[in-house]
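Structure first, then comments.
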Amino acid sequence: MEIVLKEKIKEAVKIIYNSDVTDELIQIQETRKDFKGDFTLVVFPLLRFSKNTPEKTGETIGNYLVDRFPSVSGFNVIKGFLNLEISDNWWVAYFEKMVSEKSHLENCQVEVAETILVEYSSPNTNKPLHLGHIRNNLLGNSLYRILSATGHNVVKTNIVNDRGIHICKSMVAWQNFGKGETPQSSGMKGDHLVGKYYVLFEKEYRAEIEKLVQAGTGEEEAKNSAPLMKATREMLLKWEAGDIEVVELWKLMNSWVYAGFDVTYKKLGVDFDKIYYESDTYKVGKDIVLSALKDNILYRNDDSSIWADLTPDGLDQKLLLRSDGTAVYMTQDLGTAVDRFNEFRFDKNIYVVGNEQNYHFQVLKALLKRMGYPWADGLIHFSYGMVELPEGRMKSREGTIVDADDLIEEMQETARVVSLELGKLSDFSEEEKEDIFRKIGLGALKYYILKVDPRKNMTFNPAESIDFNGNTGPFIQYTYARIKSVFRKAEQMGITPDATILIEAKIGIKEIELIKLLRKFSETVSIAAASYSPAVIANYCYELAREFNQFYHDYSILGEEDQAIRNFRLVLSKLTSEILFTGMGLLGIEMPERM
RNA sequence: GGUUCCGUAGCUCAGUUGGAUAGAGCAACAGCCUUCUAAGCUGUGGGUCGAGCGUUCGAGUCGCUCCGGAAUCACCA
């Protein structure tokens, strides 16, 4: 409609003022709710042609449109804004077209489908997942869904940080203090068990440092010479050398962690097409670094560590291999990127990684370009904000880490309590009830996280549990369940919606408002895909649900006597439920049929 | 100190390329269930959009300066 209006206005300016206008001067937007009308032309930019007041210009163009364009049923001019009213018929016809479309995603398909890798999750195998990882997983997974929905060929990847000095820490701690404890013997989830030893390492390590400092050793010296740290460094060297005993222990402890992660991933509803392990890719990275050294792209320091000089790129010196020859984080990321390109020939490689690593990705891209990989341009750091507590960052030392498994459990528990209180599910089996609690609890959590602009830091207050009223996941799920309920009732009454006889119905204001919102769905998905923002879809779904609830409150659907109107409202409700289902599906949120 | 990001109602957040009187939810208060699910709907109060200057017919949005906060600049990941 906007496009047609633009053409008509162009034509009007041509005929009335004898001038050619460029598209960007014709600004059409939706009319604000407090004014009468559907679309608004901002007339200020056209004053240079009309050489008249904004009011006169608006009126002249308005008159022209009403005379020549039957879909424009009326207009009003307020200040420099020409508010155009579109006829009900046009809206109903448009609605009919929407209903007839096979898929609600039909209109947001990209012209050129790209191969896009989305890397998300990226856990360390030394501790369990926490709230920060939840944001990462939900964003990454939703991004995958959104990009796929617009027609791209998307591959979900995960890089597991399964090697490195931090992994050795939990291994050393387990060796020294573990007494052979296993997930089976302790009854602990594997990732939590390994995490326990990582925490223990830090504790014991600090104690050692303190002892040394008190004995007169310097702080730095103490950190380096503490027996636990020495043991850890030795273990890393042994690991890189392939020492059998170390590798076996490493495999064993990692297997515990993976079993634990799998449970959490499953609960969150995320998965991966291809999992990379740094224990594989760091070697590729090392080779790349060494060959770049040969080509004089890198340099070797006196202590034989290897560096890149990125000062010409406005960056710094960057270490790529330690003096003892072991790899750092950057080394393996180089390897992973090259590995991936060789396997997938991606157009884009999106890293869902927190904004604390902005610098890292700048360096990674600069390095790859320096090394002559032109595809490095396709590397995109999807930099999302941290999840903070009211008092600031989560800190393991202060025990403020919000554990992922605990949080998911709490959410389901809250859903259970609220649902049982409302008591609408009494005729369900225990199993069915649990499934609904799960959907609601996770819906609340996922929506809470995803409705926020991913780029921004967000605050989570553990003291206030996540809400189930207002702008929340359960609110939208509830709206959906309500519509489903209407349809169950309609079936009982022997009424089936008929999408082919809509035009006979007279429609009201709320109904047009709903149609307007439904119409914006595909555009919203396109914007979300282009801006990598699930939040855009979350907020859209909320707006749609709110609008529907108003309609639902103000109008009777099945109680309507006029059959054409009743049918229209049924079809309208049906489309709303489908859009809500699809939209929330892009966020990875399931919808219960009843709640 | 350098670089980057952020500052919108008491709290948590929206605010497409600059457009009209800046919006939601939570919390508070007041209403609405003999009628399709009240996890809902309606209303009231609550704002110098961190501050200032500039560009513009028009700035929460763009530019500059300052204030406040965060991240990063590791032989950590």
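Just so it is clear: chains get the letters A, B, ... in the order the sequence lines come, proteins before strands, and each one is counted from 1.
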*Does a distance-only test, which skips hydrogens and angles, find a donor-acceptor pair under 3.5 Å between the side chain of A:Ser419 and the base of B:rA39?*
yes

*State whether A:Lys516 and A:Asp38 are salt-bridged, where the test is any N-O pair (Lys NZ or Arg NE/NH1/NH2 against Asp/Glu carboxylate O) under 4.0 Å.*
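Yes, this pair counts.
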
*How far does CG of A:Asn567 sit from CG of A:Asp562, to the nearest 0.5 angstrom?*
10.0 Å

*Atom CZ in A:Phe201, atom SG in A:Cys168: separation rounded to 0.5 Å?*
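The CZ atom of A:Phe201 sits 9.5 Å away from the SG atom of A:Cys168.
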
Choosing from [options], which nucleotide comes nearest the side chain of [X]?
X        : options                : answer
A:Lys424 : B:rU72, B:rU37, B:rA77 : B:rU37
A:Asp316 : B:rC76, B:rG25, B:rC73 : B:rC73
A:Glu356 : B:rA71, B:rC41, B:rA39 : B:rA71
A:Ser485 : B:rA39, B:rC36, B:rU37 : B:rU37
A:Ile527 : B:rA14, B:rU16, B:rU72 : B:rU16
A:Asp467 : B:rA38, B:rC26, B:rA14 : B:rC26
A:Asn549 : B:rC36, B:rG40, B:rA39 : B:rG40

Using the [atom1] atom as the point on both nucleotides, what is the distance between [M] and [N], in whole Å?
N      : M      : atom1 : answer
B:rU35 : B:rA30 : C1'   : 24 Å
B:rC66 : B:rG1  : P     : 12 Å
B:rA51 : B:rG45 : C1'   : 27 Å
B:rU56 : B:rG40 : P     : 48 Å
B:rU17 : B:rC53 : C1'   : 25 Å
B:rG10 : B:rC33 : P     : 33 Å
B:rG43 : B:rG54 : C1'   : 42 Å
B:rA39 : B:rU34 : P     : 15 Å

Give me the distances for all protein-to-nucleotides 18-21 of chain B N/O pairs that come in under 3.5 Å?
from: B:rG19; atom 1: N7; to: A:Gln27; atom 2: OE1; distance (Å): 2.9
from: B:rA20; atom 1: OP2; to: A:Arg32; atom 2: NH1; distance (Å): 2.9
from: B:rA20; atom 1: N6; to: A:Thr40; atom 2: OG1; distance (Å): 2.9
from: B:rA20; atom 1: N6; to: A:Asn83; atom 2: OD1; distance (Å): 3.1
from: B:rA20; atom 1: N1; to: A:Asn83; atom 2: OD1; distance (Å): 3.2
from: B:rA20; atom 1: N1; to: A:Asn83; atom 2: ND2; distance (Å): 3.4
from: B:rU21; atom 1: OP1; to: A:Lys79; atom 2: NZ; distance (Å): 2.8

Examine [N]: is either OP1 or OP2 under 4.0 Å from a nitrogen or oxygen in the side chain of [X]? Give yes or no.
X        : N      : value
A:Arg546 : B:rG40 : no
A:Arg488 : B:rU37 : no
A:Arg482 : B:rA38 : yes
A:Tyr329 : B:rA77 : no

*Relative to the ring of A:Phe361, is the ring of A:Tyr351 parallel (under 30°), tilted (30 to 60°) or perpendicular (over 60°)?*
tilted

List the atom of [X], the atom of [Y], and the distance in Å for their closest heavy-atom pair.
X        : Y        : answer
A:Leu442 : A:Gln412 : CD1-OE1, 4.4 Å
A:Val536 : A:Ala528 : CB-CB, 4.2 Å
A:Leu425 : A:Ser419 : CD1-CB, 4.2 Å

Looking at every strand, decide which applies to [X] at a 4.0 Å heavy-atom threshold: base, sugar-phosphate, or nothing.
X        : answer
A:Tyr555 : base
A:Ile165 : sugar-phosphate
A:Tyr359 : sugar-phosphate

*Sort out for me which residue in A:Tyr448, A:Phe475, A:Tyr447, A:Phe548 forms a ring pair (Phe, Tyr, Trp, His ring centres under 6.0 Å) with A:Tyr542.*
A:Phe475

Separation of atom [atom1] in [X] from atom [atom2] in [N], rounded to whole Å:
X        : N      : atom1 : atom2 : result
A:Phe475 : B:rA38 : CZ    : P     : 12 Å
A:Gln357 : B:rU3  : CD    : C1'   : 17 Å
A:Gln550 : B:rA24 : CD    : C1'   : 12 Å
A:Arg594 : B:rC36 : CZ    : C1'   : 14 Å
A:Gln362 : B:rU3  : CD    : C1'   : 8 Å
A:Leu315 : B:rG2  : CG    : C1'   : 12 Å
A:Asn469 : B:rU37 : CG    : P     : 19 Å
A:Tyr447 : B:rG25 : OH    : P     : 12 Å

*Check whether any side-chain heavy atom of A:Tyr540 sits under 4.5 Å from a side-chain heavy atom of A:Lys520, and report yes or no.*
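Touching, per the 4.5 Å side-chain cut-off.
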
*Using the glycosidic torsion, which applies to B:rC62: syn (within 90° of 0) or anti (everything else)?*
anti

*What do the steps show when you test A:Glu432 against A:Arg594 for salt bridge (Lys or Arg N to Asp or Glu O under 4.0 Å), and what is the final call?*
CA-CA 10 Å; A:Glu432 286 168 320; A:Arg594 280 184 51 179; over 6 Å; no

*Mapping A:Thr472 and A:Ala535 to their closest nucleotides on RNA chain B, which lands nearer the 5' end?*
A:Ala535

*For A:Ser305 and for A:Pro474, find the nucleotide of RNA chain B with the closest heavy atom, then tell me which residue's nucleotide is more 5'.*
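Nearer the 5' end of the strand: A:Pro474.
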
*When the aromatic ring centroids of A:Tyr198 and A:His166 are compared, is their separation below 6.0 Å?*
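No, the ring of A:Tyr198 stays outside the 6.0 Å limit from the ring of A:His166, centre to centre.
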
*Taking the six-membered ring for Trp and the single ring otherwise, decide whether the centroids of A:Trp239 and A:Tyr282 are under 6.0 Å apart.*
yes

Any-strand Watson-Crick or G-U partner of [N], both distances under 3.5 Å:
N      : value
B:rA22 : none
B:rA9  : none
B:rU3  : B:rA71
B:rU16 : none
B:rG52 : B:rC64

Return all side-chain donor-acceptor pairs below 3.5 angstrom for residues 481-497 of chain A, not counting sequence neighbours, or 'none' if the list is empty.
from: A:Arg482; atom 1: NE; to: A:Tyr478; atom 2: OH; distance (Å): 3.4
from: A:Arg482; atom 1: NH1; to: A:Asn549; atom 2: OD1; distance (Å): 2.7
from: A:Arg488; atom 1: NH1; to: A:Glu593; atom 2: O; distance (Å): 3.4

Show the distances under 3.5 angstrom between N or O atoms of the protein and N or O atoms of nucleotides 4-12 of chain B.
from: B:rG7; atom 1: OP1; to: A:Lys456; atom 2: NZ; distance (Å): 3.3

